[in-house]
Amino acid sequence: MSAFRSPFLTEFAARGHFHQCTNQDGLDALLSKERVAGYIGFDCTAPSLHIGNLTQIMRLRLLQKGGQKPIVVVGGGTTKIGDPSGKDESRQLLTDAQIEANKVRHMEIYRRFLKFGDGPTDAIMVDNAEWLDKLQYVPFLRDIGRHFTINRMVAMDSVKLRLEREQPLTFLEFNYMIFQAYDFAELYRRYGCRLQMGGSDQWGNIVSGIDLARRTDNVELFGLTSPLITTSSGAKMGKSVSGAVWLSADMLSPYDYWQYWRNVEDADVGRFLRIFTDLPLDEIARLEALKGAEMNDAKKVLANEATALCHGRAEAERAAETSRQTFEGGGLSADLPTVEIPKDEIVNGLGVLGAFTRAGLTSSNGDARRQIAGGGLRVNDEAVTDEKLLLRAEYLREGVIKLSLGKKKHVLLKPV
RNA sequence: GGGGGAGUGUCCCGAGUGGCAAAGGGGGCGGAUUGUAAAUCCGCUGGCUUACGCCUUCGUAGGUUCGAGUCCUACCUCCCCCA
């Protein structure tokens, strides 16, 4: 990878985002010469975005920091098709209402990471349903479809892999790349957008758009992809205590979000600091070089910075403090997740099994029983050995009972 | 339209002579060890139950049988070959 002249590409590469570029020198020259609008598309398949999407958002953020103009394309239209890239099975089709609801929630998230407005480097957000919904089949086939050969489409990884693995690919999904290609060309016409970024799995779709625009508008557009971010142990990143690592506080609390970053593997700390925070590279290099237990300090910085970007500095500090009290103070933090129960139940004595299940720590009484057998449950930090234990008022500490599953999952039971 | 094959524990893959709560993986969770890390080792991984035990599960619906994941019939879905 040669040195870049443009600040954006330099930073982009230095932070580990660079995978492939359709015309590296051409793009670098263009970025150095004029302000470039670049986009990334996001489909609205889930009610929140997760950290997989965050890697993309951070790339747009870098684009903005580099003095260029980011465009967020929300896939109100393409979500109706479903991207087959990298998947073995079709995603279940969402209703228009679900897509719309998801879209509104996503837009709120983009605003936290990017500055929107009318200024030259302010981000803008557009919905590809604006043009895709209006397309008419026959005119579209004649104008756009004639630029695509089945031969090439079938050779695309997104299609080829599905066929090779003998998994069905519907005609609907087969069309996805055409729509994404059309998006790029349309964004060029509407906003002069010259650049599309995306994960490495988007290469084929991006190149299709570049080809299309060259044929229809005789212009060179650019594609820039990033490596798929995995954990050092090879897993696709993004699993937290409660499933995916969501960016919406109502789907994953700032505390759990903070904990996710606090718990990344040692080997990932430097890489993640570069991708998911704005810290200067020399500072990251210093943190990354920490040895042994000191690595925990680097992880705290990662957690603080990443959480502050997503949920605000105040929430990050709160999560850090809750974590400090819980893990380092050995004490009780009132900020842990709390489940309320009727006061009577404590007065009468509440069975431990039910209590853990109510708190959401175990999935059933049987599960709770098994966890007790395995030594995994604690009440007020003391291991539960008797599954018939009744929780009564004398277990209250500062008005709550602390239930724990393993070392990391804690819930406060609060009588009301 | 004709012929052949397949759907198994609600995370996934996958074995399964009529006696099966159903082999084995992966993943996940817990324990030990650690640094809230990795690696390693151990345990758990359908529901209810103090317990004997009871209930629910193998694409769907029926049937044969003391007894069905396993045999029969119909239907659904998917894959392959022929037209």
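Chain naming here is simple, since letters A, B, ... match the order of the sequence lines and numbering starts at 1 in each. Computed over heavy atoms, backbone and side chain alike; hydrogens, waters and symmetry mates excluded.
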Any donor-acceptor N/O pair under 3.5 Å between B:rG35 base and A:D266 side chain: yes
For [Y], is there any backbone N or O sitting under 3.5 Å from a side-chain donor or acceptor partner on [X]?
X	Y	result
A:D43	A:T45	no
A:S48	A:S248	yes
A:R15	A:I275	no
A:T22	A:G223	yes

Expressed in whole Å, how much space separates the [atom1] atoms belonging to [N] and [M]?
N	M	atom1	value
B:rU45	B:rU77	C1'	29 Å
B:rG43	B:rG25	P	11 Å
B:rC58	B:rG46	C1'	13 Å
B:rG16	B:rC71	P	12 Å
B:rU40	B:rU50	P	39 Å
B:rA38	B:rU49	C1'	41 Å
B:rA22	B:rG14	C1'	13 Å
B:rA21	B:rA37	C1'	38 Å

Sugar-phosphate, base or nothing in reach of A:V269, heavy atoms under 4.0 Å: nothing
Check: A:W261 ring centroid to A:F276 ring centroid under 6.0 Å: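 Yes.
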Centroid-centroid distance, A:Y39 to A:Y191, less than 6.0 Å: no
Round to the nearest Å and state the distance from [X] atom [atom1] to [N] atom [atom2].
X	N	atom1	atom2	result
A:H410	B:rC29	NE2	P	15 Å
A:K409	B:rG28	NZ	C1'	9 Å
A:R262	B:rG35	CZ	P	12 Å

Using the side-chain heavy atoms of [X], tell me which of these nucleotides is nearest: [options].
X	options	answer
A:R369	B:rU50, B:rU36, B:rG47	B:rU50
A:R370	B:rU50, B:rC48, B:rU45	B:rU45
A:E265	B:rC48, B:rU36, B:rA38	B:rA38
A:K407	B:rA38, B:rG47, B:rG31	B:rG31
A:Q371	B:rG30, B:rC48, B:rG35	B:rG30

Value rounded to 0.5 Å, distance of CG in A:L141 from OH in A:Y137: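 Rounded to the nearest 0.5 Å, the CG-OH separation comes to 5.0 Å.
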Nearest-0.5 Å distance that lies between atom OG1 in A:T79 and atom CD in A:E100: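 A:T79 atom OG1 to A:E100 atom CD measures 10.5 Å (nearest 0.5 Å).
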Syn-anti status, with the boundary at 90° from 0, for the nucleotide B:rC41: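 This nucleotide is in anti.
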Positions of residues 280-308 of chain A (non-hydrogen atom under 4.0 Å from RNA chain B), listed by number: A:G292, A:A293, A:M295, A:N296, A:K299
Closest-nucleotide 5' rank along RNA chain B - winner of A:N365 and A:L405: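 Nearest-nucleotide comparison on RNA chain B picks A:L405.
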Contact nearer the 5' end of RNA chain B, comparing A:G406 with A:E387: A:G406
A:T326 vs B:rU36: side-chain N/O to OP1/OP2 distance below 4.0 Å: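 The answer is no; no side-chain N or O of A:T326 sits under 4.0 Å from OP1 or OP2.
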